[in-house]
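One structure below.
Order of the sequence lines fixes the chain letters, A, B, ..., with proteins taken first and strands second; residue numbering starts at 1 for each chain. Side-chain atoms are counted along with the backbone in the values below, which use heavy atoms only and exclude waters and symmetry mates.
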Amino acid sequence: MPLYRRIPKLRGTAGGMHAGLPEYVPVNLKDIAEAGFQDGDEVSLETLKKGLMNPLGREKRLPLLKILGDRELSLKLNFKACAFSASAMEKLIYVLQSCKTIKHLHQVQSQIITHGLEQSDCIVPRIIAACGLLKAMTYAHRVFDKISDQNVALWNAMFKGYGQNELHKEAVVLFSKMMKFGVMPNCFTFPMVLKSCVKICALREGEEVHCFVIKNGFRGNLFVGTALIELYSGGRVIEAAYKVFGEMVERNVVVWTSMINGYISCGEIPSARCLFNLAPERDVILWNTMVLGYIELGNMVEARKLFDQMPKKDVISWNTVLNGYANNGDVEECQRLFEEMPEKNVFSWNALIRSYAHNGSFFEVLDAFKRMLIEERVLPNDATLATVLSACARLGALDLGKWVHVYAESNGYKGNVYIGNALIDMYAKCGIIENAMDVFKSMDKKDLISWNTIISGLAMHGRGADALSLFGEMKNAGEMPDGITFIGIMCACTHMGLVEEGLSYFQAMTEDYSIEPQIEHYGCMVDLLARAGRLAEATDFVRRMPMQADSVIWGNLLGSCRIYKNVELAELALKQLIELEPKNPANFVMLSNIYGELGRWKDVAQLKVAMRDTGFKKLPGCSLIGVNEVVVEFYSLDERHSKAEEIYETLKGLTKLLRSSGYVSDIQLLEQGT
DNA sequence: ACGACCCCTT
């Protein structure tokens with residue numbers, strides 16, 4: 001027990017070796033100091049007793065007095081050697097828990113060692129826990145290995161740390177080591193290890209753990225049972241999960257919830273609902289689970305019906321349905337529900353904002369965000385800022401984006417990967433690739449998305465060489481590229497006209513990285529070839545694709561046909577496009593432009609008729625620019641802006657300026673040619 | 001000393 005220290009540490013002049021004195025004596029340095037004693041004082045036991053009794057005779061001190069009894073001892077107080085009582089131990093534990101850096105932890109550890117507590121059952125698990133919070137599990141393992149008597153609590157602390165840090169594989173490996181050493185797990189061990197098995201889809205290992213559970217008689221435990229149900233549900237062996245559920249003698253609402261959740265995640269909603277109806281007790285979490293089940297299977301109507309039936313709703317219930325509407329694109333219902341909510345938290349705001357973003361209503365995203373800031377009841381979190389930044393990216397709202405950047409940094413979101421990634425994207429899309437690069441470089445933790453975002457950002461800005469060199473750095477950093485990475489890479493090659501390189505990256509993607517090319521990749525390759533003028537090869541690529549080319553591919557091909565004035569292929573592309581999207585007049589416009597550029601006015605006229613027959617008008621292209629912190633949208637020949645006249649005057653001036661410096665537009669070329 | 005079920009992101 002930590003309360004007791006060996007007597008020699010509290011050196012008494014009359015000797016701690018006094019016959020009959022218990023080997024361990026509780027001491028409390030703080031109390032002794034508080035009672036006015038000082039280091040080096042020689043006191044009789046009687047005095048000490050009186051001093052300690054004096055202030056209020058707190059119960060904590062009584063054991064000391066009891067054990068020391070009435071012996072006539074004279075003690076020389078040695079504060080340094082004198083050790084830790086409960087309160088000092090608590091202090092030490094508190095310090096351990098509040099370690100902010102690994103350096104700090106080392107300092108506390110040296111304290112621990114000075115006091116000879118480095119093997120203490122009470123302290124070591126806390127050290128491991130502190131390592132877990134500091135994401136230093138390798139170090140934790142070193143500490144763990146140095147402990148001679150590893151009890152279950154220590155093992156459990158390791159499992160917990162691994163779980164917290166997503167080191168599930170390590171947890172599972174450690175468990176097999178534990179079994180090999182013959183250490184007896186307890187009821188806390190199994191749920192943690194099983195959870196790690198679920199996380200890494202280690203069903204087989206999980207089954208082995210299940211065997212140990214049975215062997216050690218833990219299968220009646222509610223926590224263990226819940227974990228087993230989750231193991232089998234996660235492994236899509238719902239029958240096995242149900243077997244565990246059925247064999248449990250005692251089931252609480254958590255067990256029922258896990259089982260129902262298992263059916264839901266296996267897509268068996270009728271079974272889930274059946275169990276839901278049978279459940280002897282339904283708490284708000286079970287209701288929420290069932291509502292979410294319907295939502296996940298796309299049944300918003302049933303979800304809403306259940307939601308309306310709920311006897312008690314918490315903020316999560318509301319958010320669940322809110323998110324359902326947000327993800328299903330029902331902005332109106334989402335909005336309505338949001339206003340009705342009795343209590344809103346940051347998730348509620350995020351759902352509303354995301355529903356706008358999902359719907360492409362980016363101005364509303366910004367408005368909702370501003371409203372959130374003004375109302376001040378709920379602070380935005382990293383998810384909020386990431387969504388807002390992506391809206392800024394879409395709108396080109398650089399000023400607000402910059403503002404969010406400053407806000408994020410002054411609110412401690414500096415190390416957040418989501419925000420970092422969103423910032424890279426925002427700056428790239430707003431045209432400031434240097435800032436995107438700065439953000440990228442400043443991130444001390446980067447993930448795959450950070451690399452993908454900066455690579456495609458550079459590619460889009462025509463900085464293909466930088467994109468490709470970053471791809472090299474990415475590999476050096478040990479980050480595994482995925483399909484998205486290669487889209488960026490191929491895009492970079494396309495921009496630089498590096499056809500052969502592009503083709504070889506495409507090959508490497510499948511051969512070296514075993515990434516199965518998606519339609520986007522084929523599209524990139526078609527684009528790569530077509531833009532380089534190798535239209536025949538591009539067409540060939542389209543033919544050899546394992547899937548049907550979509551409108552994007554044909555559209556891009558049509559675009560290249562315009563540049564290289566290949567009418568036959570353009571007509572073929574248009575034919576495909578009309579089949580794929582008969583309602584999109586933009587396709588006609590493209591071919592019509594090609595005819596026009598070649599002076600085939602008869603064909604242009606014919607196409608116009610065909611286009612009119614479709615009955616659809618081409619939506620004019622829309623541009624968005626940020627002016628004085630406000631984003632303005634305008635169309636071709638748009639006169640809605642209050643300063644339209646001024647704008648067009650400026651534009652005219654700009655065009656004049658461009659011409660005087662030798663710029664010739666396509667239209668003029670056309671005029672000259674005919 | 002240690003534990004389970006529901007809402008959030010690029």
Side-chain angles (χ1 to χ4, degrees), chain A residues 2 93 96 120-129 132 151-161 163 185-195 198 218 221-231 233 252-262 264 279 282-293 295-296 310 313-324 326-327 341 344-354 357-358 380-391 393 416-426 428-429 447-450 452-453 484:
Chain A
I93 289 168
L96 266 175
S120 158
D121 288 352
C122 176
I123 290 291
V124 189
R126 314 274 199 173
I127 298 176
I128 304 288
N151 61 8
V152 205
L154 197 58
W155 289 86
N156 288 351
M158 287 299 292
F159 292 126
K160 187 184 174 183
N186 66 9
C187 61
F188 292 92
T189 318
F190 294 114
M192 290 188 284
V193 175
L194 285 168
K195 195 165 200 164
V198 174
F218 282 105
N221 182 289
L222 288 170
F223 291 87
V224 178
T226 307
L228 283 170
I229 290 170
E230 269 156 28
L231 170 78
S233 312
N252 63 8
V253 65
V254 181
V255 175
W256 279 86
T257 308
S258 298
M259 192 62 238
I260 289 166
N261 211 1
I264 291 169
R282 280 181 285 269
D283 65 359
V284 68
I285 297 182
L286 181 52
W287 278 91
N288 290 346
T289 305
M290 198 61 227
V291 170
L292 184 67
I295 293 173
E296 279 173 354
M310 286 180 75
K313 301 176 179 96
D314 62 8
V315 66
I316 296 183
S317 324
W318 287 87
N319 287 345
T320 304
V321 181
L322 211 57
N323 275 307
N327 299 332
M341 288 182 74
K344 301 171 180 100
N345 66 13
V346 65
F347 297 115
S348 327
W349 282 96
N350 289 350
L352 179 74
I353 289 175
R354 224 183 44 260
H358 202 94
N381 69 3
D382 47 349
T384 324
L385 298 185
T387 313
V388 170
L389 282 169
S390 83
N416 189 289
V417 190
Y418 288 118
I419 292 183
N421 295 347
L423 282 170
I424 299 173
D425 193 47
M426 185 275 294
K429 296 242 168 76
D447 66 2
L448 176 62
I449 292 152
S450 325
N452 286 353
T453 312
I484 309 282

TODO: Describe the nucleic acid contact of A:Asn186 in one word from base, sugar-phosphate, nothing, applying a heavy-atom distance below 4.0 Å.
DONE: base
Task: Length of the line joining A:Phe159:CZ and B:dA1:C1', which is rounded to integer Å - done: 14 Å
Open item on the list: Tell me which one of A:Thr387, A:Asn345, A:Asn381 satisfies side-chain hydrogen bond (donor to acceptor under 3.5 Å, both in side chains) with A:Asn350.
Closed with: A:Asn381
- [ ] Determine yes or no for a side-chain-to-main-chain donor-acceptor pair under 3.5 angstrom, with A:Asn323 supplying the side chain and A:Asn319 the backbone.
- [x] yes
Task: No-hydrogen, no-angle side-chain donor-acceptor test under 3.5 Å, A:Asp447 and A:Ser450 - done: yes
- [ ] Between protein and nucleotides 4-10 of chain B, map the contacts as a letter string: B base, S sugar-phosphate only, - none, heavy atoms under 4.0 Å, written 5' to 3'.
- [x] BBBBBBB
Task: side chain to side chain donor-acceptor pair (under 3.5 Å) between A:Asn261 and A:Ser258, intermediate numbers included - done: CA-CA 5 Å; A:Asn261 211 1; A:Ser258 298; over 6 Å; no
TODO: Taking all heavy atoms of A:Ala393 and all of A:Met426, pick out the closest pair and write down the distance.
DONE: CB-CA, 3.7 Å
